[in-house]
Novice: 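Below you will find the structure I want to go over with you.
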Amino acid sequence: MWETGVSRGGNGSAGQAVADGAPAVPAQACDLVTVPARQGLEAVDILRLRDGVGPVLHDGVCDTLGFLVPAGTAAGWDVPGSACTQTSGRGIALGALCGEGAAAHPPVTGSGWLVTPEGAGAAATDPAVLRAALGEAARTIEAVDRCQ
């Protein structure tokens, strides 16, 4: 069983494995799409309501969210206001984040899970679906800002 929310990696914090033990996580290589937190949070809501969302990291220092997407996405990613990073040329292996009997720790120091690998609806977020959600999120934020 997993708690929900952002994990900072400490005992008992959200996103950590609890007494039931750590779940199995697929060993899928991933790239990381990084967006400003405001747009990312809006996109997470859109994805949760419609298409499902993969694991998402929150970096409070940089005020960004990072969506894990399938490896190879970085080569063709061109969404303004975001970046897609290929990790060490091979991608992040989700299986390495929480091996059997270990809790899933975020791969980036200072970050925490907004959506844990176990709590995600998919092993990684589909890049086409994420692109659409980020576009919708940007349009929503723009509309809200115009009304203020």
Novice: Are Val129 and Val56 in one and the same hydrophobic cluster, where Ile, Leu, Val, Met, Phe, Trp and Tyr link if side-chain heavy atoms are under 4.5 Å apart?
Specialist: yes

Novice: Looking at Val69, Asp78, Leu130, Leu32, which hits side chain to side chain contact (heavy atoms under 4.5 Å, CB included) with Cys84?
Specialist: Val69

Novice: If you look at every heavy atom in Val35 and Ser82, which pair is closest and at what distance?
Specialist: CG1-CB, 3.5 Å

Novice: Do any N or O atoms from the side chain of Thr73 and from the backbone of Pro70 form a donor-acceptor pair under 3.5 angstrom?
Specialist: yes

Novice: State whether the side chain of Asp31 and the backbone N or O of Gly72 hold a donor-acceptor pair below 3.5 Å, judged by distance alone.
Specialist: yes

Novice: Do Arg38 and Val144 make a side-chain contact, defined as non-hydrogen atoms from C-beta onward lying under 4.5 Å apart?
Specialist: yes

Novice: Hey, what do you get for CD1 (Ile141) to CD (Glu42), rounding to the nearest 0.5 Å?
Specialist: 5.5 Å

Novice: Step by step, would you call Leu114 with Val44 a side chain to side chain contact (heavy atoms under 4.5 Å, CB included)?
Specialist: CA-CA 9 Å; Leu114 179 68; Val44 166; 4.1 Å; yes

Novice: Any chance you could lay out the side chain to side chain contact (heavy atoms under 4.5 Å, CB included) test for Trp77 and Val33, step after step, and finish with the verdict?
Specialist: CA-CA 9 Å; Trp77 190 258; Val33 172; 3.6 Å; yes

Novice: On a heavy-atom basis, which atom in Pro55 and which in Ala123 lie closest, and how many Å separate them?
Specialist: CD-O, 3.2 Å

Novice: Return the minimal non-hydrogen interatomic distance between Gln39 and Ala137, and the atom names on each side.
Specialist: O-CB, 3.6 Å

Novice: For Val115 and Leu57, what are the C-alpha separation, side-chain angles and deciding distance, and is it a side chain to side chain contact (heavy atoms under 4.5 Å, CB included)?
Specialist: CA-CA 7 Å; Val115 180; Leu57 289 164; over 6 Å; no

Novice: Might you work through the side chain to side chain contact (heavy atoms under 4.5 Å, CB included) test for Leu47 and Thr125, ending with a clear yes or no?
Specialist: CA-CA 9 Å; Leu47 291 168; Thr125 302; 4.0 Å; yes

Novice: Just by modelled atom types, is the Pro127 backbone N or O under 3.5 Å from a matching donor or acceptor in the Arg131 side chain?
Specialist: no

Novice: Given Leu65, which of Thr34, Asp59, Leu41 fulfils the side chain to side chain contact (heavy atoms under 4.5 Å, CB included) condition?
Specialist: Leu41

Novice: Does the pair Arg50/Glu136 count as a salt bridge with the N-to-O cut at 4.0 Å?
Specialist: yes

Novice: Going by heavy atoms in the side chains, are Phe67 and Val53 under 4.5 Å from each other?
Specialist: yes

Novice: Is Arg146 salt-bridged to Glu142, cutoff N-O under 4.0 Å?
Specialist: yes

